[in-house]
Amino acid sequence: MESLSSSFLQKYSPTPNSPTASPQVFRFKIQSVKIDEKPARTSFLNPAEKLAPVLHDQAEGKTTEVKKKSIRSIIFRSLDNFICKYIDPPLRASIDPKHVLSGNFYPVDELPPTACEVVKGTLPPCLDGAYIRNGPNPQFIPRGPYHLFDGDGMLHCIRIRDGEVKFSSRFIRTYKYELEKETGSPVILNVFSAFNGLAASISRCVLTLGRVLSGEYDPRQGIGTANTSLALFDGNLFALGESDLPYRIKLTPNGDIITLGRHESFGGQFTTMTAHPKIDAETQEAFAFRQGITFMPPFLIYFKINKNGEKQPEVPIFSLAEPSLIHDFAVSKKYAIFPDTQIVMNPKNILNGVPAISVDAKKVPRLGIIPRDASDESEMWWVEVPGFNMIHAVNAWDEDGDTIVMVAPNVLSVEHDKIVKRWTLATANLDFAVINPAYTGKKNRYIYAAIGSPMPKISGVVKIDTSLSTADSNDCTVASRLYGHKCHGGEAIFVPREPDNPTTEEDDGYLLTYVHNEITGESEFVVMDAKSPTLEIVAAVRLPQRVPYGFHGIFVRECVLKNCNLNPN
């Protein structure tokens, strides 16, 4: 499996949306890593396995005490059961919960702050604080089709304070989570798995309409799971998922997690926000976007949040002609860069009984570039980048006055045409790449990327030195660490050794992640030396409960926890 870095060299006029105007030449370079995805193969989880939590198992007919069980809810639940059993049973392994939720993907129950044991090495002093990772963890075992992206958000937090280490796992109390907990069964549609064929799509849409009209749930309060990532700005910690607005959370002194609520100052009713805002470490500004998932443009809306947490006026992007799956973007000191990929997202597909997300092989991908402080779309322009399909962005920076360099994985194996030159960065199946966060929007040298086996299971991490990248380079990997046989981890977060020292080297710090041993069933919090040629493990903490494979995380320093409003006192 080859993972390639691509450098796209395109000359074009900086005049927005004008293919013929201006003799000016603007060079745009992109470095990327290609990912060849393979279908996941997972084993069934033995129901008697000691790791299995006590959950609300609707498929087995088990029930739990609920606060409210109205006739209305019973009728809707019966109709949902009928659809799942007779109209749309999960026939494909990719959406069959028996496959998707097997092994360490199987959900866990909540765990209050529990003391942990350091089983290897010593935790570095700079790790006083909290490492929190987000991921999907369904409150109910699904009755019908299920996709990994549909799970309720759960935060897994390890708190290190005054030599004590505690671990906790808590659901994010989204509107969806609280509503379904009160009802005692799933209510809101699973967006990624609900539409399989015309009959199933129509049935579920009619059922959803009935639930809304009857008042069982109010879509104005959000439908998202907040299961994707976390972000810290303006002294607030947010759990995010792009199908809803962020949820503000708080960490207590003993390491517990409290959901404060949906942060509606970032949008109005029926609005969303990206799960990957970009925070400029120097200006403390946050840059974000939302997608308009409707039948009418704009399909992309860009906005900025100032250092005081105040959302600035939105910039609708009408030049995006059709809805495309834009999960992430990049921001340099001057520009914001958006992908328009071959992965299209069209709500109209639902009316035809097919998933809203599909691949359009005939479409030519583009990148949209706009000054990051733009007040309207007039300053935006698009450039074609055949074969470049970006899901996650690693970083972007301005170079030599007329060049933007962007580093990002390329998830689809589409051949490039003659205007594109490919440069190799690494030879592995890589994604979930991170950098030293102090370098966001600035030129950075080192990248730490997860090795997929396949994604989202991660077998190790590599360190890439972008300064070694040339047209003739084959592999810029300078260090790597495999977690071992049947051991898999997640995205590795970089934490600097001396965060307040401006002269420290870029790679002087540690990589943090959770690693699960599928043989013993145990999970550990692992700390690696980012400067070591082997990414040496310098400390490991045995966790009191396993951590299912998930998505993105964050590290929050103790001084930040003490001096902002994350703490109750």
Practice item. Verify side chain to side chain contact (heavy atoms under 4.5 Å, CB included) between Phe105 and Lys457, making sure each step is shown before the conclusion. Key: CA-CA 9 Å; Phe105 291 100; Lys457 293 180 71 171; 3.6 Å; yes
Exercise for review: Begin from the C-alpha positions of Tyr131 and Tyr514 and carry the test ring-ring contact (aromatic ring centres under 6.0 Å, His included) through to its verdict.
Suggested key: CA-CA 10 Å; Tyr131 168 65; Tyr514 293 130; 5.0 Å; yes
Exercise for review: Under the ring-ring contact (aromatic ring centres under 6.0 Å, His included) rule, what do Tyr175 and Tyr247 come out as? Steps first, then yes or no, please.
Suggested key: CA-CA 10 Å; Tyr175 171 69; Tyr247 275 79; 9.2 Å; no
Exercise for review: Evaluate the side chain to side chain contact (heavy atoms under 4.5 Å, CB included) criterion for residues Leu543 and Ile158: first the C-alpha distance (whole Å), next the side-chain angles of each, then the deciding distance (0.1 Å), finally the verdict.
Suggested key: CA-CA 9 Å; Leu543 303 179; Ile158 186 162; 4.1 Å; yes
Review point. Does the pair His552 and Phe432 meet the rule for a ring-ring contact (aromatic ring centres under 6.0 Å, His included), with working shown?
Key: CA-CA 8 Å; His552 307 285; Phe432 283 29; 5.0 Å; yes
Review point. Under the side chain to side chain contact (heavy atoms under 4.5 Å, CB included) criterion, do Asn81 and Arg143 qualify, and how do the steps go?
Key: CA-CA 7 Å; Asn81 282 334; Arg143 295 188 295 265; 2.5 Å; yes
Practice item. Carefully, step by step, assess Phe167 and Phe525 under the rule side chain to side chain contact (heavy atoms under 4.5 Å, CB included). Key: CA-CA 10 Å; Phe167 174 81; Phe525 169 66; over 6 Å; no
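Annotation: side chain of Glu524 is not in contact with side chain of Tyr483 (no heavy-atom distance under 4.5 Å). The shortest side-chain heavy-atom distance between Leu237 and Ile554 falls under the 4.5 Å cut-off. Considering only heavy atoms from C-beta on, Met273 stays 4.5 Å or farther from Phe238 through its side chain. The side-chain heavy atoms of Leu245 and Thr271, taken from C-beta on, include a pair separated by under 4.5 Å. A 4.5 Å side-chain heavy-atom check between His147 and Val100 finds every atom pair outside the cut-off. Taking the side chain as every heavy atom from C-beta outward, Leu230 and Ile249 approach each other to under 4.5 Å. Between Leu251 and Cys157 there is a side-chain heavy-atom pair separated by less than 4.5 Å. By the 4.5 Å heavy-atom criterion applied to side chains, Pro409 and Val394 are counted as neighbours.
In this pair, Phe192 and Phe149 present their aromatic rings perpendicular. The plane angle is above 60°, beyond the 30 to 60° band. The aromatic rings of Phe329 and Phe338 lie parallel to each other, their planes meeting at an angle below 30°, with 60° marking the opposite boundary. A tilted orientation is assigned to the rings of Phe82 and Tyr86, their planes being inclined by 30° to 60°.
Here the closest heavy-atom approach between residue Glu491 and residue Ile458 is recorded as N-CD1, 3.8 Å. Closest heavy-atom contact between Met390 and Asp328: CE-O, 3.6 Å. Closest approach of Phe76 to Ser214, counting heavy atoms only: CE1-OG, 3.2 Å. Here the closest non-hydrogen pair linking Ala231 and Leu240 is N-CD1, 3.5 Å. When all heavy atoms of Ile83 and Ser203 are compared, the pair lying nearest together is CD1-CB, 3.7 Å. Considering every non-hydrogen atom in both Asn227 and Asp152, the closest pair reads CB-C, 4.2 Å.
Put simply, the side chain of Ser193 gets close to the backbone of Pro145: a donor and an acceptor are under 3.5 Å apart. Put simply, the side chain of Ser201 never gets that close to the backbone of Phe195: no donor and acceptor are under 3.5 Å apart. Side chain of Asn134 to main chain of Ala226: a donor-acceptor pair is present (N/O by atom type, distance under 3.5 Å, no hydrogens or angles). A donor-acceptor pair is defined here as one N or O able to donate and one able to accept, closer than 3.5 Å; such a pair exists between the side chain of Ser168 and the backbone of Gly255. Distance alone, capped at 3.5 Å, is enough to place a donor-acceptor pair between the His516 side chain and the Glu522 backbone. The backbone N or O of Val187 sits less than 3.5 Å from a side-chain atom of Glu180, completing a donor-acceptor pair. Under a 3.5 Å cut-off, the side chain of Gln342 and the backbone N or O of Pro365 do not form any donor-acceptor pair. Here the side chain of Asp256 pairs no donor or acceptor atom with the backbone of Pro113 at under 3.5 angstrom. Listed for the Arg248 side chain is no donor-acceptor partner under 3.5 Å among the backbone atoms of Pro246. The main-chain N or O of His276 is never found under 3.5 Å from a side-chain atom of Ser229 such that the two would form a donor-acceptor pair.
Separating the CZ atom in Arg170 from the CD1 atom in Ile257 is a distance of 8.0 Å, to the nearest 0.5 Å. With rounding to the nearest 0.5 Å, the separation of CD1 in Ile326 from CD1 in Ile391 is 10.0 Å. Between Ile87 atom CD1 and Asp80 atom CG the span is 10.0 Å, to the nearest 0.5 Å. Atom CG in Leu155 sits 10.5 Å away from atom CG in Asn137 (nearest 0.5 Å). Here the OG1 atom belonging to Thr183 is positioned 11.5 Å from the CD1 atom belonging to Ile74, to the nearest 0.5 angstrom. The structure places CZ of Arg133 at 8.5 Å from CZ of Phe551, a figure rounded to the nearest 0.5 Å.
Remark: the Thr228 side chain and the Glu242 side chain contain no N/O donor-acceptor pair separated by less than 3.5 Å. Inspection of the Thr272 and Gln291 side chains reveals no N or O donor paired with an N or O acceptor under 3.5 Å.
Remark: Arg204 engages Asp88 in a salt bridge, criterion side-chain N to carboxylate O under 4.0 Å. A salt bridge links Asp218 to Arg220: one of the charged nitrogens lies within less than 4.0 Å of a carboxylate oxygen.
Listed by first and then second residue, the salt bridge (Lys or Arg N to Asp or Glu O under 4.0 Å) pairs involving residues 314-327 are Arg290-Glu314, Lys311-Glu314, Glu322-Lys363 (not counting sequence neighbours).
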